[in-house]
A.B. asks: 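I'd like to ask you about the structure that follows.
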Amino acid sequence: MSFPLLTATAALPAIGAIATAAVPATQRTAAKWLALLVSVATLVLAVVVLVRFDPDGDRYQLTESHAWIADFGVRYELGVDGIGVALIALTALLIPFIILAGWHDADPLETGSGRWRPTQGFFALILAVEAMVIISFEATDVFLFYIFFEAMLIPMYFLIGGFGDRAHQHGEKAAATQRSYAAVKFLLYNLAGGLVMLAAVIGLYVVAGNFSLTEIAEARANGSLEMSTSTERWLFLGFFLAFAVKAPMWPLHTWLPNAMQESTAPVAVLITAVVDKVGTFAMLRFCLQLFPEASKWATPAIMVLAVVSIIYGALLAVGQRDIKRLIAYASISHFGFIIMGIFAMTSQGQSGATLYMVNHGISTAALLLVAGFLISRRGSRLIADYGGVQKVAPVLAGTFLIGGLATLSLPGLAPFVSEFLVLVGTFTRYPVIGVIATFGIVLAALYTLVLYQRTMTGPLKPELARMPDLRVREIAVAAPLIVLLVFLGVYPKPLTDIVNPAVKQTMSDVQQKDPQPEAEAAK
């Protein structure tokens, strides 16, 4: 039997989480180093998966299949396509930077109430989330996917509610109340979507008799599985609602700004750059593959909701006074682009959406982690408390600028390629939606440049006169992300070569072809 590489990639951080949690309370530094080493080892395994994956080979590779709950047709089935491989690599890449950036975020903190922050628990929970996200990208059994899709909410709940941002303007008691509110809101929104999905998963089993994604999709394709139009549409809506909450898409987005505002910067990156990608990934893997006709039926409404997300998120980002809330609303706008690309039903749109998931993860991590370093120095998230930072911390200001320029999709940085493909793919089928969506780019330039101008330029505030520049550990976090943004912006071919074959297969699932250019159609 071949080595279960996919299982190992997900199991290693899970085992690492248990080991980190078991480190004695007095050995906080040992727990940090253990978590970092486990995350690096997981990255090595993810690279092996990436190297062994053949873009021109079978759709799902490195597959594993074992009986689990045989009486109900549930199997432990794993497999990766090009989209899954890219997102596993993204997850494994970001976790070491998240751990390194949060090196001191869970150090003991004694307050008037005598509360302490358990360092071991913080890093163990991060590794637990990594394990669950990775296996969600690997699962080809719908029930197996559902279990981890929901299970990842528990460690995220404790990360948001138990390890909040120390930069709070209203005291520890108010901070604890707002953290609890944000954590509960996150959990309730996602659990509500998950319960609707559970009903749809059960309905799918009643119709298909099993939970295997590959078997159900094959049966749908060859006509051996009959599903009425109304049944398919209801099942699609059950799946899509859960994924739209996780994504998050307007109007199911309201949990995200609260969760990101109250979290530490590394946990906020974990939310928006890692966990939320499971929602958009699942739209491609499950909605389009299992319910192709319903996906086409729902496309016009979803495209409208996506473009509303783009404009709404960007407009609210312009008016924010809190740095992390601004980045949260910007992410809602970016997820609108991703969903728009998925449901444009063109190869350019879906390739762009997949690249956007990866590039948004890197750019948001760069911007948000550097913002976290900035906030930790001043002890405030409010934009108005900054000004002239580039005079005393030029390296911090420079990395912040590059992260911001990537967020507005500047040509030469990785997100530009993604956004361009999404807009081209959308315009060829939905020109009005494509034109409206371009206003999101204009607004992105506005909120990004205004944020930089108000925090980094202008007169230096006296309170910031002794602000230190980035330290070695912080440079080790920011520099590789900046390098990746430039490299993938100039040379995206390594990613497109992996993603494009999977996108073609997804297009085949929904029986869609790219619209012909008018010049060719006229010949």
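Quantities reported herein were computed from a predicted structural model and do not represent experimental measurements.
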A.B. asks: Under the ring-ring contact (aromatic ring centres under 6.0 Å, His included) rule, collect the residues that match up with F239, sequence neighbours excluded.
C.D. replies: F291
A.B. asks: Side-chain atoms of residues 50-58: list all donor-acceptor pairs with protein atoms under 3.5 Å, sequence neighbours left out, distances to 0.1 Å.
C.D. replies:
from, atom 1, to, atom 2, distance (Å)
D54, OD1, D56, N, 3.1

A.B. asks: In residues 81-93, what donor-acceptor pairs under 3.5 Å come from side-chain atoms, sequence neighbours left out?
C.D. replies:
from, atom 1, to, atom 2, distance (Å)
D81, OD1, I83, N, 3.3
D81, OD1, G84, N, 2.8
D81, OD1, R285, NH2, 3.4
T91, OG1, L87, O, 2.9

A.B. asks: Quick one: which residue pairs count as a side-chain hydrogen bond (donor to acceptor under 3.5 Å, both in side chains) with a foot in residues 470-485, not counting sequence neighbours?
C.D. replies: R377-E474
A.B. asks: With W68, which residues qualify under ring-ring contact (aromatic ring centres under 6.0 Å, His included), at least two apart?
C.D. replies: none
A.B. asks: Would you check if M156 and L270 make a side-chain contact, meaning some heavy-atom pair closer than 4.5 Å?
C.D. replies: yes
A.B. asks: Please table the atom pairs, donor to acceptor, closer than 3.5 Å between any side-chain atom in residues 475-500 and protein atoms at least two apart or in another chain.
C.D. replies:
from, atom 1, to, atom 2, distance (Å)
K493, NZ, D497, OD2, 2.7
T496, OG1, K493, O, 3.0
N500, OD1, S351, OG, 2.8
N500, ND2, T496, O, 3.2

A.B. asks: Does either side chain, that of S331 or that of T272, offer a donor lying less than 3.5 Å from an acceptor on the other one?
C.D. replies: yes
A.B. asks: Output yes when a side-chain donor or acceptor of D141 lies under 3.5 Å from a complementary backbone atom of E77, and no otherwise.
C.D. replies: no
A.B. asks: Kindly say whether A247 contributes a backbone atom to a donor-acceptor pair with the side chain of T280 at under 3.5 angstrom?
C.D. replies: no
A.B. asks: Is there a donor-acceptor pair closer than 3.5 Å between any side-chain N or O of D469 and the backbone N or O of L396?
C.D. replies: yes
A.B. asks: Does any part of the side chain of I154, heavy atoms only, come nearer than 4.5 Å to the side chain of M132, both counted from C-beta?
C.D. replies: no
A.B. asks: What pairs meet the salt bridge (Lys or Arg N to Asp or Glu O under 4.0 Å) rule with one or both residues in residues 127-136, with sequence neighbours excluded?
C.D. replies: none
A.B. asks: Under the side-chain contact (heavy atoms from CB on, under 4.5 Å) test, which residues partner I69, sequence neighbours left out?
C.D. replies: F72, V74
A.B. asks: Show the atom names and distances, to 0.1 Å, of all donor-acceptor pairs under 3.5 Å that link a side chain in residues 203-211 to residues at least two apart or in another chain.
C.D. replies:
from, atom 1, to, atom 2, distance (Å)
N210, OD1, S212, N, 3.0

A.B. asks: With ring-ring contact (aromatic ring centres under 6.0 Å, His included) as the rule and sequence neighbours excluded, what pairs involving residues 121-140 come up?
C.D. replies: F122-F163, F137-F281
A.B. asks: Taking side-chain contact (heavy atoms from CB on, under 4.5 Å) as the test, write out the residues that go with Y76, two or more places apart.
C.D. replies: T7, E64, H66, L78, I135, L144
A.B. asks: Verify, without hydrogens or angle tests, whether S508 (side chain) and K504 (backbone) share a donor-acceptor contact under 3.5 angstrom.
C.D. replies: no
A.B. asks: Is it true that a side-chain atom of W255 and a backbone atom of P248 form a donor plus acceptor pair closer than 3.5 Å?
C.D. replies: no
A.B. asks: Short question: side chain of K246, backbone of F149 - any donor-acceptor pair under 3.5 Å?
C.D. replies: yes
A.B. asks: Taking side-chain hydrogen bond (donor to acceptor under 3.5 Å, both in side chains) as the cut-off, I'd like each qualifying pair that reaches into residues 476-489, sequence neighbours left out, listed once.
C.D. replies: none
A.B. asks: Looking at H253, M249, M357, K277, which one forms a side-chain contact (heavy atoms from CB on, under 4.5 Å) with F335?
C.D. replies: K277
A.B. asks: Begin from the C-alpha positions of Y189 and T254 and carry the test side-chain hydrogen bond (donor to acceptor under 3.5 Å, both in side chains) through to its verdict.
C.D. replies: CA-CA 9 Å; Y189 265 70; T254 58; 2.6 Å; yes
A.B. asks: For T407 and G403, indicate whether the former's side chain and the latter's backbone hold a donor-acceptor pair under 3.5 Å.
C.D. replies: yes
